[in-house]
Asks: 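First, the structure itself, so that you have it in front of you.
Bear in mind that the values here come from a model prediction, so they are computed numbers and not experimental data. So that the names make sense, note that chain A is the first sequence line, chain B the second, and so on, each numbered from 1.
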Amino acid sequence: MLYRTGPLILVFGTALLLIIAFFIPHKPFGDLEARFLNWYAIISGFTFLLGLDSLARHHLIKIVRREKGWFYSLLLVTSLFGTLFWGLYSWIRYASPFALNAPFMWLYKFMIIPLQATMFATLAFFIFSAAYRAFRVRNLAATLLLIAACMVMLGNVPIGSSIWAGISWLIHQIFPNTNLEILKRWELFAAAKDWLMAIPQAAAGRGIGIGLALGGIAMSLRIILGIERTYLSS
Amino acid sequence: MPITWTIGILVSGLIAPPESLLLRDNPNDQGRAIFISWVCPQTESITGFRIFRACSLPGKFIALNRELIIGTEYLDSDTMLCDGVPYYYFIRVYSAYDSVDSPVSGPVVSSAQWFNTDRINVLVLAIIINGLFIFYLLRARHNTRMFIRKINGLDAIDEALGRATEMGKPVLFSFGLGYITDMVVIAALPILRRIASKTAQYAVRLIVPNSDPLVMTTAQETVKEAYTEAGRPDLYNQDNISFLTSDQFGYAAGVDGIILREKPGAIFWLGYFYAESLIMAETGHSIGAIQLAGTTETTQLPFFVAACDYTMIGEEIYAASCYLKPEPIMLGTIKGEDFIKFLLIILISSTVFLGTAGRLLANEAPFLNNLFMAIVNWFIPKS
């Protein structure tokens with residue numbers, strides 16, 4: 001009984017306290033949220049041991065059993081404990097792992113940061129391939145998306161004004177009745193791009209945002225009242 | 001040099017001291033803060049102000065700011081300040097050559113407030129919105145027939161799992177970089193449970209790489225229970241629900257590696273995602289997996305729409321538990337949500353109409369614009 005109701009009472013009580021604390025700045029309510037966040041930070045700090053256990057066990061088993069790709073697991077375990085060792089060494093020797101001449105800082109600057117930057121850089125290629133599929137002209141909606149995306153991209157890049165001058169010349173060649181001087185005016189194009197971003201895009205974004213906020217409130221209420229119990233695995 | 005000094009002394013004689021020194025307890029706070037404002041009759045040749053405080057008269061005044069401040073307002077939230085103690089202040093104004101003091105003002109006492117009046121608008125809205133939700137929850141108890149519209153993303157779960165089973169490939173589920181404190185992660189748990197239940201039935205391997213150890217533990221418990229409920233506890237392998245790293249791109253690299261090695265037949269991206277979303281979803285697309293995504297991070301939605309087969313947009317992911325387990329009391333909150341949306345549409349439309357009319361009839365009916373501004377200002381959060 002207590003196994004089921006205990007956590008529900010705890011959730012209800014905590015939520016109620018935090019809601020009250022939002023409106024009451026007086027002690028002991030005023031700093032309650034910060035205090036709870038501190039508790040969460042302490043608990044989650046300790047749970048990193050769970051993460052370390054899971055990661056190390058997963059890869060050590062692979063190494064011991066000589067499973068496929070065990071060499072990569074060996075590399076990971078060596079890197080993991082190597083980083084830990086150099087971190088502790090730098091902490092003892094240089095008072096902080098992030099001291100400028102500490103070996104841990106060297107690892108951070110010349111291995112971790114470049115690896116992160118490399119992964120981030122691949123995003124450019126993935127954006128290109130995803131954009132190619134998304135902007136293929138299949139129907140009216142996809143065509144509108146393509147036009148809007150091209151306008152926003154052109155409007156945001158420094159070379160956009162030069163490209164737009166070329167495009168307007170091309171449009172004038174196809175439709176000679178159009179006024180090239182008006183068409184070429186970059187500020188009109190930039191205004192159209194700004195309008196797209198500020199009105200239709202912002203309206204859609206806010207619509208989704210309002211839905212999310214209401215969905216979040218409904219979900220919170222279900223959790224607080226104990227209707228939604230999936231986080232308790234029941 | 002003597003000429004400069006002489007001119008300086010002559011000029012310093014022209015500096016007027018600050019006037020109207022106003023001291024008051026800083027409102028809507030935890031106490032230990034005093035708000036000070038003053039008027040400076042002269043702005044030319046002034047380099048700044050320094051505030052002095054004492055707790056008795058006559059007493060020793062201490063300077064509160066090392067660097068001179070430029071404005072005419074200051075919030076004294078010094079850690080030495082105590083509630084209930086009377087304080088006295090004066091301001092010293094500096095020019096390039098000299099300084100002049102304002103008269104001492106006080107006493108002022110700081111205190112903590114029992115209600116933050118700046119948040120009264122939030123309280124009123126919270127009472128209305130939660131009241132409506134509770135009304136629909138109570139109504140749902142007696143009304144067993146409630147309709148919920150089709151959510152394609154959730155309907156596609158069975159299709160994706162069926163395809164992975166037919167192909168004999170594993171299934172991958174990711175919460176992204178979400179923490180257990182994120183609502184979207186909690187909302188994704190019932191979906192994971194449903195998926196785990198099906199993978200247990202079909203005897204398909206379910207892989208859940210995690211970026212947070214607390215989320216990992218919760219996912220392990222959820223999957224374990226689903227496997228037990230499905231009568232296949234023997235198939236549960238804790239090693240499949242593992243921790244990768246909490247580093248953003250490290251996690252993306254790890255998940256990409258799993259995708260390329262294990263080649264899952266179905267991938268579920270349900271949780272909190274940042275810039276790594278497209279890197280992972282495009283890798284999933286490259287191996288031909290059927291992909292289903294859902295996130296509350298609106299900036300990542302276009303990437304998922306471009307790369308995935310099904311995407312849950314907006315609050316659809318929050319409705320997942322109600323959709324998968326359509327009990328009347330659960331559906332009651334969805335009904336309440338829809339009604340509040342309807343009210344919001346009316347409110348927004350009427351305010352837009354009022355604002356437009358107020359601007360067009362600014363001379364004939366200025367009260368329209370005043371009313372519009374009053375409504376807008378009431379909704380603006382103050383603290």
Asks: Given that the side chain runs from C-beta out, which part of B:Ile313 has a heavy atom under 4.5 Å from chain A: side chain, backbone, both or neither?
Replies: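 Answer is side chain: those atoms of B:Ile313 sit under 4.5 Å from chain A.
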Asks: Relative to chain A, which segment of B:Leu192 carries a heavy atom at a distance below 4.5 Å: side chain, backbone, both, or neither?
Replies: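 Looking at B:Leu192, nothing touches chain A.
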Asks: Can you tell which part of B:Glu276 gets under 4.5 Å to a heavy atom of chain A, answering side chain, backbone, both or neither?
Replies: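 Neither part; nothing is under 4.5 Å.
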Asks: Would you compute the distance between atom CZ of A:Phe126 and atom OG of B:Ser286 and round it to the nearest 0.5 angstrom?
Replies: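 One finds 7.0 Å between CZ of A:Phe126 and OG of B:Ser286.
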Asks: Heavy-atom count check: over 12 atoms from other residues, nucleotides or ligands less than 6.0 Å from A:Gln201 CD?
Replies: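 Yes - once you tally the heavy atoms of other residues, nucleotides and ligands closer than 6.0 Å, there are more than 12.
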Asks: Passes side-chain contact (heavy atoms from CB on, under 4.5 Å), A:Leu214 versus B:Asp338? Steps please.
Replies: CA-CA 9 Å; A:Leu214 287 175; B:Asp338 286 348; over 6 Å; no
Asks: Which is it for A:His26 and B:Gln30 under the side-chain contact (heavy atoms from CB on, under 4.5 Å) test, yes or no, and what are the steps along the way?
Replies: CA-CA 5 Å; A:His26 202 286; B:Gln30 292 185 53; over 6 Å; no
Asks: Can you tell me which portion of B:Ile120 sits under 4.5 Å from chain A's heavy atoms? Options are side chain, backbone, both or neither.
Replies: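 Answer is neither: B:Ile120 stays 4.5 Å or more from chain A.
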Asks: Looking at B:Gln238, B:Met330, B:His285, which makes the most heavy-atom pairs under 4.5 Å with chain A?
Replies: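 That would be B:His285.
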Asks: How close do A:Leu123 and B:Ala275 get, counting heavy atoms only, and between which atoms?
Replies: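 Where A:Leu123 meets B:Ala275 most closely, the heavy atoms are CD1-O, 3.5 Å.
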Asks: Checking heavy atoms, do the side chain of B:Val185, its backbone, both or neither come under 4.5 Å from chain A?
Replies: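 The answer is neither part of B:Val185.
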Asks: For the interface with chain A, which of B:Leu344, B:Thr181, B:Ile129 has the highest count of heavy-atom pairs at distances below 4.5 Å?
Replies: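 Sorted descending by pairs with chain A, the first entry is B:Thr181.
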Asks: Closest heavy-atom contact between A:Gly211 and B:Glu315?
Replies: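 So the two residues come closest at O-CB, 3.3 Å.
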Asks: Side chain from CB out, backbone as N, CA, C, O: work out which of these in A:Leu221 comes under 4.5 Å of a heavy atom of chain B, or both, or neither.
Replies: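 For A:Leu221, the contact with chain B is made by the side chain alone.
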Asks: Taking side chain as everything from C-beta outward and backbone as N, CA, C, O, which of these in A:Ser220 sits under 4.5 Å from a heavy atom of chain B? Side chain, backbone, both or neither.
Replies: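 For A:Ser220, the contact with chain B is made by backbone and side chain together.
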Asks: With respect to chain B, which residue among A:Ala130, A:Gly207, A:Ala134, A:Ser129 yields the maximal number of heavy-atom pairs within a distance under 4.5 Å?
Replies: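 Top count of heavy-atom pairs under 4.5 Å with chain B: A:Ala130.
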Asks: Given heavy-atom pairs under 4.5 angstrom as the criterion, report whether the side chain, backbone, both or neither of B:Thr245 touches chain A.
Replies: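 For B:Thr245, neither part sits under 4.5 Å from chain A.
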Asks: Is there a donor-acceptor pair closer than 3.5 Å between any side-chain N or O of A:Ser54 and the backbone N or O of B:Phe243?
Replies: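 Yes, the answer is positive, given that a donor and an acceptor are paired below the 3.5 Å cut-off.
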Asks: Please assess B:Tyr179 against A:Ser44 for the test side-chain contact (heavy atoms from CB on, under 4.5 Å), listing each intermediate value before the final yes or no.
Replies: CA-CA 10 Å; B:Tyr179 296 104; A:Ser44 62; over 6 Å; no
Asks: If I take atom CD1 from residue B:Ile334 and atom CZ from residue A:Arg222, how far apart are they, to the nearest 0.5 angstrom?
Replies: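 Rounded to the nearest 0.5 Å, the CD1-CZ separation comes to 5.0 Å.
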Asks: May I ask you to name which of B:Val122, B:Ile317, B:Thr298 has the most heavy-atom pairs under 4.5 Å with chain A?
Replies: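 Heavy-atom pair counts peak at B:Val122.
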Asks: Please report the C-alpha distance between A:Phe48 and B:Leu214 in whole Å, then the side-chain angles of each, then the deciding distance to 0.1 Å, and finally whether the side-chain contact (heavy atoms from CB on, under 4.5 Å) criterion is met.
Replies: CA-CA 8 Å; A:Phe48 265 91; B:Leu214 268 178; over 6 Å; no
Asks: Specify whether B:Phe115 and A:Phe23 have parallel, tilted or perpendicular ring planes, treating 30° as the upper limit for parallel and 60° as the lower limit for perpendicular.
Replies: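 The rings of B:Phe115 and A:Phe23 lie parallel, inter-plane angle below 30°.
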Asks: Looking only at heavy atoms, what is the nearest atom pair of A:Thr47 and B:Pro213, with distance?
Replies: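 Taking every non-hydrogen atom into account, O-CB, 3.0 Å.
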Asks: Please flag which part of B:Thr217 lies under 4.5 Å from any non-hydrogen atom of chain A: side chain, backbone, both or neither.
Replies: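 Interface part for B:Thr217: side chain.
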Asks: With only heavy atoms counted, which part of B:Thr296 is less than 4.5 Å from chain A, the side chain, the backbone, both or neither?
Replies: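 Both parts, heavy atoms under 4.5 Å.
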Asks: If I measure from the heavy atoms of chain B, does A:Ile210 come under 4.5 Å with its side chain, its backbone, both, or neither?
Replies: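 Only the side chain of A:Ile210 comes within 4.5 Å of chain B.
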Asks: Surrounding CH2 of A:Trp39 (heavy atoms of other residues, nucleotides or ligands, distance under 6.0 Å), is the total greater than 12?
Replies: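 Atom CH2 in A:Trp39 is not crowded, with 12 or fewer foreign heavy atoms closer than 6.0 Å.
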Asks: Grab the two heavy atoms, one from B:Gln113 and one from A:Ile24, that are nearest each other, plus how far apart they are.
Replies: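 Taking every non-hydrogen atom into account, O-CG2, 4.5 Å.
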Asks: What pair of heavy atoms forms the shortest contact from A:Ile223 to B:Met183, and how long is it?
Replies: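 Minimum heavy-atom separation between A:Ile223 and B:Met183: CD1-SD, 4.2 Å.
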Asks: Using a 6.0 Å cut-off, check whether atom CZ of A:Arg133 has over 12 heavy atoms from anything other than its own residue.
Replies: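 More than 12 heavy atoms, drawn from other residues, nucleotides or ligands, come within 6.0 Å of this atom.
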Asks: Let's test your reading of the structure: which of B:Ile329, B:Asp247, B:Leu189 forms the most heavy-atom pairs below 4.5 Å with chain A?
Replies: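 Top count of heavy-atom pairs under 4.5 Å with chain A: B:Asp247.
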Asks: Flag yes if more than 12 heavy atoms outside A:Leu144 fall under 6.0 Å of its CG atom; otherwise flag no.
Replies: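 Yes, enclosed.
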Asks: Heavy-atom distances under 4.5 Å only: say whether B:Asn130 touches chain A with side chain, backbone, both or neither.
Replies: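 When you check distances to chain A, atoms from both the backbone and side chain of B:Asn130 fall under 4.5 Å.
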Asks: Return the minimal non-hydrogen interatomic distance between B:Tyr318 and A:Gly215, and the atom names on each side.
Replies: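 Smallest heavy-atom distance, with atoms named: CD1-C, 3.5 Å.
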Asks: Measure the spacing between SG of B:Cys322 and CD of A:Glu228 and express it to the nearest 0.5 Å.
Replies: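 The distance works out to 6.5 Å.
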Asks: Is it the backbone or the side chain of A:Ile127 that comes under 4.5 Å from a heavy atom of chain B, or both, or neither?
Replies: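 For A:Ile127, the contact with chain B is made by backbone and side chain together.
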Asks: Under a 4.5 Å heavy-atom cut-off, does chain A meet the side chain of B:Ile348, its backbone, both or neither?
Replies: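 Just the side chain, heavy atoms under 4.5 Å.
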Asks: Are the side chains of A:Ile217 and B:Ile340 in touch, meaning some heavy atoms are under 4.5 Å apart?
Replies: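 A:Ile217 does not reach B:Ile340 side chain to side chain.
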Asks: What part of B:Asn210 gets closer than 4.5 Å to chain A, counting heavy atoms only: side chain, backbone, both or neither?
Replies: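 Contact with chain A involves no heavy atom of B:Asn210 at all.
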Asks: Quick one: what part of A:Tyr72 sits under 4.5 Å from any heavy atom of chain B, side chain, backbone, both or neither?
Replies: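 Interface part for A:Tyr72: neither.
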Asks: Mind checking whether B:Thr333 and A:Met219 have side chains closer than 4.5 Å, heavy atoms only?
Replies: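 Not in contact.
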Asks: Check whether A:Phe29 gets within reach of chain B through its side chain, its backbone, both or neither, counting any heavy atom under 4.5 Å.
Replies: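 The side chain, not the backbone.
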Asks: Are there more than 12 heavy atoms of other residues, nucleotides or ligands under 6.0 Å from atom NZ of B:Lys341?
Replies: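 Enclosed.
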Asks: Need one label for A:Asp31: side chain, backbone, both or neither, based on atoms under 4.5 Å from any heavy atom in chain B.
Replies: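 Backbone plus side chain of A:Asp31, per the 4.5 Å heavy-atom cut-off to chain B.
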Asks: Take atom CZ in A:Phe36; do more than 12 heavy atoms of anything else shown fall under 6.0 Å from it?
Replies: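 For A:Phe36, atom CZ is crowded (more than 12 foreign heavy atoms under 6.0 Å).
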Asks: Just checking A:Arg57: does its CZ atom have more than 12 heavy atoms from other residues, nucleotides or ligands closer to it than 6.0 angstrom?
Replies: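 Yes.
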Asks: On the 0 to 90° scale, with breaks at 30° and 60°, tag the A:Phe120-B:Phe249 ring pair as parallel, tilted or perpendicular.
Replies: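 Plane angle between 30° and 60°, so tilted.
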Asks: Is it true that atom CZ of A:Phe12 has more than 12 heavy atoms of other residues, nucleotides or ligands lying nearer than 6.0 Å?
Replies: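 Result for CZ/A:Phe12: open.
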